[in-house]
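Quick caveat, the model's predicted, so the values are computed rather than measured. Within every chain, numbering begins at 1; the chains are lettered A, B, ... in the order of the sequence lines, protein sequences first and strands thereafter.
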Amino acid sequence: MRGGYSIIDEPRPGPFARVVVNPLWPLVATMLAGPLYGWGWALFNGFALGSASRWRELTFVGLGVLATVGALLLLGTLKEAGTLTDGAMPYVRVALKALWLTVAYAIYQRQADSFEIHETYGGTSANGPLGLLLVGLVLPRLLSGIKGVL
Amino acid sequence: MSDPFTHWSEERFWRQLEYGDTQGAIESARTALAAEPDSGQLHSMLALALLAAKRPYAARHEAAIARELEPELPLAHLAFGNALLAARRFNEGLAALEQAVALAPQTSELHEALGAGYLVTRRFEQAHSALQRALEIDPENLDAMVRLGDLAWQQGQRVEAEAWYLRALASAPAHLNALVGQGRVLLERGEVERARDHALWALQQHANDEGALLLLCAVAARRNRVMGLWWRLNSWLTLGGQRRTLMLLIGGYLLFNLSSLLLTDSGYPAAGSAVGWLWIGLALYSWIGPFWFLKMVERELARVEVKAEY
């Protein structure tokens, strides 16, 4: 039971607190479904949890998006110039994945502290594997289906 | 201290902290702060409890408030210094601890805390001077004796380390940190059973003591080397902080992917596939390892009979 004085690193759960999951699951979603779903879920989770570092997490995602766009533009230019061959593309993909995972891991590390405090004070968490199934498998297929119809 | 944080509850706070009930200590300080938000002493105490709960960011924040409210309060500088050390801001942390000592030069515990700070930063000569000074002021400061043992241990002087631990144990046979230190000496010497007894004895005094639990884990790791490997890796990662973990995770991921690609491209698809299987094996080991290892430690923990007063 928390008293009246508020400590700076404590989460302040919002109206979606019931769907908060362990931040490990959005990290796994980034590995399985890519940054769009993983980062998106991590951000939602951070705000639902009222994570003390939620604005910093948002900054990480912003920087990750900028770095990805920058890398894609650079790769496009190199490919047009003929510097980058098709054979090199699998290696480039690995480098991009490493970048996405770094961002996801940085978010995870910050959010994990808030989640631990959330649990210490009796906060509940939703079913992470079910969320992973929805965000990592169902949602991408649903979106790709909608894209196909449009 | 004035109402509602009476002398009784302040005493309770320190007892909660001593027995590892960090959450209880945080709540005690929080309740008192709600009524008395401008007390530097209370902010310092909350900072120390937060540090014990491994929340260095909040601890630093609280200690900074305490220093602002009462710049002459040694406890505020002590809490601030320790919070900075926990955040690996070593020079600033030591400066704050030195300030605490300057404000109360006759307090043995502050010299001991400064010595511990120097020890963390591996400034052995300064650590030795500070700890010896702590003992000069209070020859019965057992924590300072144990720290001197830790200092000798870190410098590879095993005999001297053991002498300090035994000296502390002679005065207080149930001294937690001395028991843990001596257990570590015994474990290194290969006396696994006696090391385990020391860990269990320490846990009887204080079931939450981190040092005793770590010693018990080290004993378990020594008994089962395959599962113990996970513990050793985990300890190594923890020592290196988040940066090391991140580098290893990303580095391992890159290495696995690149070696798979390179081997397949170079005409060795079987080797590329073997790397894949190796990765899966590692993933399985890192999944099963902690679970199995914790089961081993839990079996040992079941033997602990906690003291009635605990």
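- In this structure, CD on B:Q23 lies 8.5 Å from CD1 on A:I117, to the nearest 0.5 angstrom.
- The neighbour count for A:E116 CD, taken as heavy atoms of other residues, nucleotides or ligands under 6.0 Å away, does not exceed 12.
- The neighbour count for A:E119 CD, taken as heavy atoms of other residues, nucleotides or ligands under 6.0 Å away, is above 12.
- More than 12 heavy atoms of other residues, nucleotides or ligands shown are found within 6.0 angstrom of CZ on A:F115.
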Give the C-alpha distance, both sets of side-chain angles, the deciding distance and a yes or no for side chain to side chain contact (heavy atoms under 4.5 Å, CB included) between B:N257 and A:R93. CA-CA 10 Å; B:N257 275 282; A:R93 259 181 240 125; over 6 Å; no

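- A:D9 places none of its side-chain heavy atoms less than 4.5 Å from the side chain of B:H61.
- Residues B:A58 and A:I8 approach most closely at CA-CG2, 3.7 Å, considering heavy atoms.
- Within a 6.0 Å sphere centred on OH of B:Y57, other residues, nucleotides and ligands contribute 12 heavy atoms or fewer.
- Taking non-hydrogen atoms and a 4.5 Å limit, the residue list of residues 69-91 of chain A in contact with chain B, ordered by number, reads A:P90, A:Y91.
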Which is it for A:Y5 and B:E62 under the side-chain hydrogen bond (donor to acceptor under 3.5 Å, both in side chains) test, yes or no, and what are the steps along the way? CA-CA 12 Å; A:Y5 182 77; B:E62 291 301 328; 3.0 Å; yes

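- Counting non-hydrogen atoms of other residues, nucleotides and ligands closer than 6.0 Å to CH2 of B:W14 gives a total above 12.
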Would B:R30 and A:E10 count as a salt bridge (Lys or Arg N to Asp or Glu O under 4.0 Å) here? Give the steps. CA-CA 13 Å; B:R30 187 209 294 272; A:E10 283 175 347; 2.6 Å; yes

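- With a 4.5 Å cut-off on non-hydrogen atoms, B:L50 touches chain A through its side chain but not through its backbone.
- Of residues 18-38 of chain A, no residue lies under 4.5 Å from chain B by any heavy-atom pair.
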